Amino acid sequence: DAGVTQSPTHLIKTRGQQVTLRCSPKSGHDTVSWYQQALGQGPQFIFQYYEEEERQRGNFPDRFSGHQFPNYSSELNVNALLLGDSALYLCASSLRNNEQFFGPGTRLTVL
Amino acid sequence: AQSVAQPEDQVNVAEGNPLTVKCTYSVSGNPYLFWYVQYPNRGLQFLLKYITGDNLVKGSYGFEAEFNKSQTSFHLKKPSALVSDSALYFCAVRDNNAGNMLTFGGGTRLMVKP
């Protein structure tokens, strides 16, 4: 049984570019949450998707957007990248509001 | 708004000694509390959770945590530390009246020395 998977593992972009990160939830899970973990800090909640809709959002600008597909997988899109967007982006899946399981993350570096 | 504080950036302990990693929280409703561990260049691994019931929660790898409502604390403990326990530990809280969003503390680095 595969756990939460994320792609790519690492990504390097330049300021102003756009990026898409992908997440496949653990088998049987229907809810995906995204978190940003800056270096030396705890993860911060970006948003959560359930039934292909954004259900809850943290304190992140509209440059951060997402999508959930019918197979429950999800994408995180970030437009107009800033240096401060450099971080580890973590995806977590759950069955509705139950316990969240985290993927290994995507390390984004913005130059 | 909910928040978590982990007052120690780093905890040092000798192998075989007991360890405690501190966590205090603030939520408006009833808290769901979690501990996660993160190894270098890895995601978060779930250790244990408190939802309701017994104040002492037992989790993975011999870890346990004690929920104290009056002190709004949820300290992580282990009776005998292993060198392999060295990692970054995060406490998280969820307000069960505010969806599934987890709010994390800043993390505590645990260093277990042989």
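Both backbone and side-chain heavy atoms feed into the values below; hydrogens, waters and symmetry mates do not. Bear in mind the structure is a predicted one, so any value in this text is a computation, not a measurement. Below, chains carry the letters A, B, ... as their sequence lines are ordered, and counting in each starts from 1.
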* Give a yes or no on this: more than 12 heavy atoms of other residues, nucleotides or ligands lie within 6.0 Å of atom OH of B:Y61. => no
* Where on B:R109 is there a heavy atom nearer than 4.5 Å to chain A: the side chain, the backbone, both, or neither? -> neither
* Given a strict heavy-atom distance threshold of 4.5 Å, which part of A:T9 is in contact with chain B: side chain, backbone, both, or neither? -> neither
* For A:Q56, is it the side chain, the backbone, both or neither that has a heavy atom under 4.5 Å from a heavy atom of chain B? -> side chain
* In terms of hydrophobic clustering (I, L, V, M, F, W, Y; side-chain heavy atoms under 4.5 Å; direct or indirect links), are B:V37 and B:L44 co-clustered? -> no
* Is the number of heavy atoms from other residues, nucleotides or ligands within 6.0 Å of CZ (A:R15) greater than 12? -> no
* **In one Ile/Leu/Val/Met/Phe/Trp/Tyr side-chain cluster, 4.5 Å: B:L33, B:M101** => no
* Asked: Looking at side-chain heavy atoms only, is the closest gap between A:E99 and B:K49 below 4.5 Å?
  -> yes
* Measure B:Y32 against the heavy atoms of chain A and call it side chain, backbone, both or neither at under 4.5 Å. => neither
* To do: Could you give me the CA-CA distance, side-chain angles and deciding distance for B:T103 and A:Q44, then say whether side chain to side chain contact (heavy atoms under 4.5 Å, CB included) is met?
  => CA-CA 7 Å; B:T103 298; A:Q44 286 193 285; over 6 Å; no
* B:F90 with B:V21, same ILVMFWY side-chain cluster at under 4.5 Å -> no
* Asked: Hey, mind stepping through B:F104 and A:Y35 against ring pair (Phe, Tyr, Trp, His ring centres under 6.0 Å) and telling me if it holds?
  -> CA-CA 10 Å; B:F104 286 85; A:Y35 292 81; 5.7 Å; yes
* Side-chain heavy atoms of B:Y36 within contact of A:Q100, under 4.5 Å -> yes
* To do: Below 4.5 Å from any heavy atom of chain B, which atoms of A:R55 appear? Answer side chain, backbone, both or neither.
  => neither
* Can you say whether B:Q38 sits under 4.5 Å from chain A via the side chain, the backbone, both, or neither, judging by heavy atoms? -> side chain
* Asked: Going by distance alone, is a donor N or O of one side chain under 3.5 Å from an acceptor N or O of the other, for B:N100 and A:S33?
  -> no
* Indicate if B:V27 and B:Y50 have the same hydrophobic cluster label, given that clusters are the connected sets of ILVMFWY residues with side-chain heavy-atom separations under 4.5 angstrom. => yes
* Point-to-point distance, once rounded to the nearest 0.5 Å, from CG of B:L102 to CG of A:L90 -> 11.5 Å
* A:Y50 atom OH, neighbour heavy-atom count above 12 within 6.0 Å -> yes
